K.L.:
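Supplied in structure tokens, the structure appears directly below.
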Protein chains: 2
Amino acid sequence: MSSFRAQKMAKKKQEILRSAAAVLVEKGYQGTTMEEISAKLLMTKGSMYYYFKNKDDLLYQCHLMIMEICLDGIEKVVDSDCNPIEKLKRAIKEHILLATSEKAMFMALAKPNHNFSKEQLQEVLELRKSYSHYFDRIINEGIDKQVFDRLDIKMVRLIILGALNWIQEWYDQSGPQTAEEIAEVYADYLLKMVVKE
Amino acid sequence: MSSFRAQKMAKKKQEILRSAAAVLVEKGYQGTTMEEISAKLLMTKGSMYYYFKNKDDLLYQCHLMIMEICLDGIEKVVDSDCNPIEKLKRAIKEHILLATSEKAMFMALAKPNHNFSKEQLQEVLELRKSYSHYFDRIINEGIDKQVFDRLDIKMVRLIILGALNWIQEWYDQSGPQTAEEIAEVYADYLLKMVVKE
DNA sequence: ACGAATTTTAAACATAGGTTCAAAAAATAA
DNA sequence: TTATTTTTTGAACCTATGTTTAAAATTCGT
């Protein structure tokens with residue numbers, strides 16, 4: 001029935017979110033205009049307001065969208081029955097592949113601080129915390145099972161996620177290395193940092 | 001003579017650059033207004049134009065300023081006569097201490113892409129490349145002297161600098177850990193990744 | 001095909017913020 | 001002090017862009 005309409009609206013919203021994320025990549029929040037977002041979809045900027053309350057609302061929903069994808073990915077890894085080494089490897093690779101293939105969306109997450117309402121900011125930070133927490137669980141498991149060194153979990157997680165997130169700053173689709181290759185090497189080296197020898 | 005005048009002018013320029021960097025931290029390039037920069041110094045935005053051609057020029061000079069400081073630091077480390085392990089440790093710590101103490105300036109460097117002229121962008125990227133190159137030299141020396149594993153130098157450098165640069169995203173002056181403590185732990189763990197066992 | 005609901009448009013509006021400029025103020029030299 | 005140079009001011013200007021809105025176009029059920 002009306003769910004047909006609702007579906008169509010949802011789809012359009014997704015399109016807009018993706019377009020928004022794409023522009024956000026290169027321009028940053030303040031540099032992104034409603035005009036540019038809509039132009040990519042052959043719409044006029046006015047029509048954005050049929051789907052979103054305003055620009056801030058749009059960006060906020062960008063965050064929710066990508067965070068959901070990230071959390072889905074890592075949840076699967078954590079809940080799998082691999083050993084910690086394999087889990088950490090997979091988590092790292094997963095993160096890199098997501099960060100590079102969905103580069104647009106990922107970069108939008110870089111600085112959520114501004115322009116968000118207290119509640120929105122709260123929500124975004126909460127989701128991030130969940131994500132970090134999954135990494136902590138993997139590292140902790142590795143230490144428990146004595147396959148990782150006794151490490152400062154938080155520090156190690158910050159180092160790893162820092163290294164991973166920074167990839168967005170230099171990764172280039174048309175560069176010499178594929179995301180898979182990068183993921184392979186990164187996982188390899190970063191594991192060297194944590195596994196017992 | 002007039003060098004007195006020139007000095008005073010230079011000093012004022014520095015003040016403005018620092019104020020600009022401070023605002024840039026939290027607002028990003030597009031979010032930073034000439035008004036806010038000048039307000040911090042109890043000036044009016046109009047007077048900025050006595051010292052800088054325009055906003056872009058101002059931000060560009062911010063870049064040059066901080067890059068100079070960075071390069072000075074790492075040059076000293078590279079030219080010292082420590083062993084590669086010590087050098088890499090010191091380079092990492094130096095970077096972290098700079099990035100945290102001069103957080104403002106450092107973050108301004110995050111995304112130099114936009115709004116810069118071709119020449120300005122060229123210059124900034126060139127300086128960055130020099131900086132990376134110093135890290136490469138240290139890593140290379142470590143491999144040559146057989147104290148480091150045979151590594152993909154570029155990848156390792158990207159991992160290390162990524163981890164370091166990401167610190168800005170979460171580091172909090174009033175947080176539980178001092179920059180020194182963070183630097184210590186980071187250097188420790190990252191070294192684990194490269195040194196031969 | 002017809003009418004109602006939905007979606008898009010294009011223009012108008014409002015405002016923020018970069019930039020300019022002539023005049024005022026302050027600093028300096030004589 | 002007086003004249004000249006340097007610095008700051010504050011208002012004016014202009015453009016970009018977020019937002020609103022009434023009308024037009026489209027879609028959809030019947």
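We name chains A, B, ... by the order of the sequence lines, and we start the count at 1 in each one. None of the values given here were measured: they were computed from a predicted structure.
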K.L.:
Has K8(B) got a side-chain N or O lying under 4.0 Å from the OP1 or OP2 atom of dA27(C)?
P.N.:
no
K.L.:
Remember a base hit wins even if backbone is also touched, and classify K45(B) as base, sugar-phosphate or nothing at under 4.0 Å, heavy atoms.
P.N.:
base
K.L.:
Checking all strands, does L58(A) fall into the base, sugar-phosphate, or nothing category for heavy-atom contacts under 4.0 angstrom?
P.N.:
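Nothing, no heavy atom under 4.0 Å.
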K.L.:
Could you state the atom-to-atom distance from NZ of K13(A) to P of dT8(C) in whole Å?
P.N.:
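Whole-Å distance recorded here is 13 Å.
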K.L.:
Should I92(A) and L97(A) be counted in the same cluster of Ile, Leu, Val, Met, Phe, Trp and Tyr side chains packed under 4.5 Å apart?
P.N.:
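Shared cluster, no.
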K.L.:
Classify Y51(A) by what it touches in the nucleic acid, base, sugar-phosphate, or nothing, heavy-atom distance under 4.0 Å.
P.N.:
sugar-phosphate
K.L.:
Can you tell whether the side chains of E141(B) and K145(B) come within less than 4.0 Å, N to carboxylate O?
P.N.:
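K145(B) and E141(B): salt-bridged.
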K.L.:
Rounded to the nearest Å, what distance is computed from the CG atom of residue L41(A) to the P atom of nucleotide dT7(C)?
P.N.:
16 Å
K.L.:
When you measure from the side chain of N140(B) to the backbone of D136(B), do you find a donor-acceptor pair of N or O atoms at a distance under 3.5 Å?
P.N.:
no
K.L.:
Mind checking S47(B) for me? I need base, sugar-phosphate or nothing, with any heavy atom below 4.0 Å counting as a touch.
P.N.:
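The residue S47(B) makes base contact.
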K.L.:
Using whole Å, what does the distance between atom P of nucleotide dT8(D) and atom CG of L42(B) come to?
P.N.:
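Rounded to the whole Å, the gap is 12 Å.
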K.L.:
To the nearest Å, how far apart are D56(A) CG and dG18(D) P?
P.N.:
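After rounding, the reported distance stands at 10 Å.
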K.L.:
Using a heavy-atom cut-off of 4.0 Å across all strands, would you classify T32(A) as base, sugar-phosphate, or nothing?
P.N.:
sugar-phosphate
K.L.:
Which pair of heavy atoms, one from I96(B) and one from A183(B), lies closest together, and at what distance?
P.N.:
CD1-CA, 3.6 Å
K.L.:
Using heavy-atom distances to pick each residue's nearest nucleotide on DNA chain D, tell me which of G46(B) and G46(A) is more 5'.
P.N.:
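Final value for this comparison: G46(B).
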K.L.:
Round to a whole Å and report the spacing from CD of E35(A) to P of dA11(C).
P.N.:
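After rounding, the gap between these two atoms is 12 Å.
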